[in-house]
Amino acid sequence: MDKPVLKADHISKSFGQGHTAVRAVDDVSLAVSPGELVLIMGPSGSGKTTLLSMLGALLHPDTGRIQLGDVDITPLNERQLPRIRAERIGFIFQAFNLLDALNVEENILFPAQLVAGGAAAARPRALELMARLRLAERRHALPRTLSGGEKQRVAIARALINQPALILADEPTGNLDSQSGQEVMMVLYDIARDEGRSIIMVTHDPRVEEVADRVLWLEDGRLQKRRASPHDWTACPVCHMRVDINRMDFAAEHRGHVYRLCSSRCRERFLDDPDAFVSGSIS
Amino acid sequence: MLHWAMKSLWAQKATLAAGSGGVAAAFALVLLLDAVFAGESKQIVAYIHNTHPDVWVMQRGVSNMHMATSFVWDWKAERIAALPEVERATPILYLNTVIQAGTRNWFAYVVGVRPGERRAGPWSIAVGKGTTGPEEIVLPEVLARVAGLSLGDTASIANKRFHIVGLSRQTFSMANSIAFVDFDDLADLLSARGTVSYILVDAKPGHDPQALAAKITRSVEQVSALPQQVFRDNDFNMAMKMGVEIILIMTVIGTALAVLIVAFTAYSMTDARRRELALIKALGVPNRAVYSAVVMQTLTLTGLSYVMVIAAGAILLPGLERLVPQLTLEVTPSALLRVAAIAVGGAALAALIPAYQVARVDPVSAFNR
Ligand SMILES: Nc1ncnc2c1ncn2[C@@H]1O[C@H](COP(=O)(O)OP(=O)(O)O)[C@@H](O)[C@H]1O
Ligand SMILES: [Mg+2]
């Protein structure tokens with residue numbers, strides 16, 4: 001096996017003190033190889049974001065050790081970590097997080113100014129990424145004029161601009177309808193695979209499972225064996241796509257029963273006329 | 001980073017405009033007050049400045065004109081005139097008093113000039129004549145206009161009535177107008193026949209005023225002689241000193257106001273961008289880079305205010321002076337420099353608040369949806 005891009009040994013993180021303390025991440029160890037796509041799944045509040053924050057050098061673990069490539073980041077302080085993040089990690093967020101005042105190209109180039117070479121040297125790569133992500137036409141557009149899918153494609157280009165070995169994505173499709181979500185996911189996967197970058201992705205999207213190298217299940221802050229229960233899945237009553245039963249984002253209630261929809265679009269259609277979709281369907 | 005900071009600032013145009021407008025108002029307050037005092041001070045030395053002899057001679061122990069009293073025996077003027085270096089020596093009588101004109105009293109320098117003497121009289125006449133005979137007076141044109149008087153009307157000094165025979169320019173100020181009367185009339189008012197107040201001495205070409213003043217002080221008993229520049233500066237500095245405290249207070253208030261407005265503007269701008277700050281920190285922008293971006297923003301804000309106040313001043317001041325002729329405004333380089341210093345220092349001070357906010361933003365919050 002190649003030398004891991006990321007290696008975490010027995011990391012834990014608690015919030016709060018005394019009997020109100022929450023053990024958000026509890027003794028997690030994992031290693032990610034170059035080019036690997038690792039999914040982290042688990043119910044809401046299980047510690048996925050906290051884990052990702054620590055792996056992304058944004059949060060110090062209370063205990064344990066994290067190694068990014070050949071650098072042990074555990075002893076590094078707030079003066080040293082920003083550079084590590086800029087050079088080695090690409091972040092993709094659920095909320096897109098583009099800079100409102102900057103256009104598409106400027107947003108993509110923003111992290112480039114934080115590394116050697118600067119924005120000027122990164123411009124050819126930005127153009128290439130924009131072409132690949134079908135953003136060339138929108139190069140000078142401001143974020144507020146973009147669709148959700150376009151915004152997330154800009155965020156993907158931004159995460160890739162500095163050619164980081166590792167990309168961390170926290171529910172990247174969480175704010176997208178299922179079609180844009182699918183598209184964004186595939187393009188991220190394609191580029192990362194072509195360029196040999198590793199991805200750790202928190203997602204509820206069952207479709208990504210098909211292409212993931214590994215799926216980790218986090219529950220109560222611990223990596224656990226996933227319950228192989230048939231109840232893990234349900235079908236979206238509108239489009240009949242698979243939906244994780246733990247996923248409540250697009251849930252809707254009807255006649256005392258909770259239905260899990262795959263996307264906001266399906267949820268809207270469902271709420272328009274629930275009876276059109278529930279008759280005969282079990283959920 | 002800088003690019004982003006400036007673009008973000010620009011994207012919040014309304015806040016930027018309100019903030020820099022407020023700061024510009026604070027700056028304007030400071031500048032205007034200073035300009036009023038400098039303008040008044042300049043008017044206080046208007047007589048000295050415009051008559052411009054080489055040397056001023058006065059009673060020993062006196063060193064200026066404003067609020068001063070000086071009496072010198074009149075024969076000393078002839079003694080001085082007889083010195084080989086002296087081209088001419090022009091005596092005047094002088095009284096710092098009030099003139100009753102129209103329904104009001106006006107603070108004024110009343111200058112008594114020998115009949116037909118133009119050397120020490122008004123230097124610019126708007127209407128009428130520039131010399132005065134018995135019971136005649138030349139008043140500032142602005143004073144006459146504000147008092148509703150014109151040629152042929154009368155004004156009084158210590159209950160003695162004078163007919164207005166001329167109106168002069170550049171002689172009005174709120175604290176100190178300049179009026180010209182007949183020498184003997186003023187001597188009677190002062191009960192001071194046989195004396196003069198000041199002697200305006202013009203040197204022959206090639207003679208140094210400094211040396212001439214020293215010689216006069218040496219050779220004529222009981223007088224002081226000062227070169228024009230020294231005499232003028234004595235009065236100007238004295239006038240400015242009267243304003244110094246109030247200018248200082250105003251500067252402090254203006255500075256505090258400016259800092260508060262900048263701090264508040266920067267606070268609300270930073271607050272509105274907490275999410276973006278979390279993001280850029282997460283992406284790897286070091287804290288000190290974010291701080292400098294914040295300082296650049298506050299500096300831009302005060303810089304913009306400075307430009308605004310200068311531009312507004314250049315446009316509005318001439319109009320203001322025409323609209324309110326009583327007002328003499330003088331924007332001095334030192335006041336401009338002072339406000340520039342406030343702009344820079346205030347920006348740095350005001351940046352502390354957003355810097356504190358920046359420090360508190362947790363980059364992990366970029367993960368919030
Ligand atoms: N900054 C924090 N302060 C206190 N508690 C926190 C903080 N961040 C997360 N938690 C808690 O830690 C647990 C895990 O949260 P999180 O990592 O956000 O879960 P997930 O991303 O899986 O939904 C939750 O119980 C949450 O309330
Ligand atoms: Mg989360």
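Per chain, numbering begins at 1; letters A, B, ... match sequence-line order.
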Select, from [options], the one with the greatest count of heavy-atom pairs under 4.5 Å involving chain B.
{"options": "Leu98(A), Leu99(A), Leu52(A), Val115(A)", "answer": "Leu99(A)"}
{"options": "Thr50(A), Asp100(A), Leu59(A), Leu142(A)", "answer": "Asp100(A)"}
{"options": "Phe96(A), Phe110(A), Phe93(A)", "answer": "Phe93(A)"}
{"options": "Ala86(A), Ala159(A), Ala57(A), Ala119(A)", "answer": "Ala86(A)"}

So, the part of Leu283(B) with a heavy atom under 4.5 Å from chain A: the answer is both
Is Asn287(B) close to chain A through its backbone or its side chain, or both, or neither, when contacts mean heavy atoms under 4.5 Å? neither
Do [X] and [Y] sit within salt-bridge range, that is, some charged N less than 4.0 Å from a carboxylate O?
{"X": "Glu195(A)", "Y": "Arg125(A)", "answer": "yes"}
{"X": "Asp271(B)", "Y": "Arg274(B)", "answer": "yes"}
{"X": "Asp34(B)", "Y": "Arg338(B)", "answer": "yes"}

Go through the atoms of Glu106(A) and report whether side chain, backbone, both or neither lie under 4.5 Å from a heavy atom of chain B.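 Just its side chain gets close to chain B.
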Under a 4.5 Å heavy-atom cut-off, does chain B meet the side chain of Leu114(A), its backbone, both or neither? side chain
Taking atom types as modelled and ignoring hydrogens, do the side chains of Asp72(A) and Thr74(A) form a donor-acceptor contact shorter than 3.5 angstrom? yes
For His3(B), is the NE2 atom crowded, meaning more than 12 foreign heavy atoms sit under 6.0 Å from it? yes
Quick check on Tyr356(B): does its OH atom have over 12 non-hydrogen neighbours (other residues, nucleotides or ligands) under 6.0 Å away? no
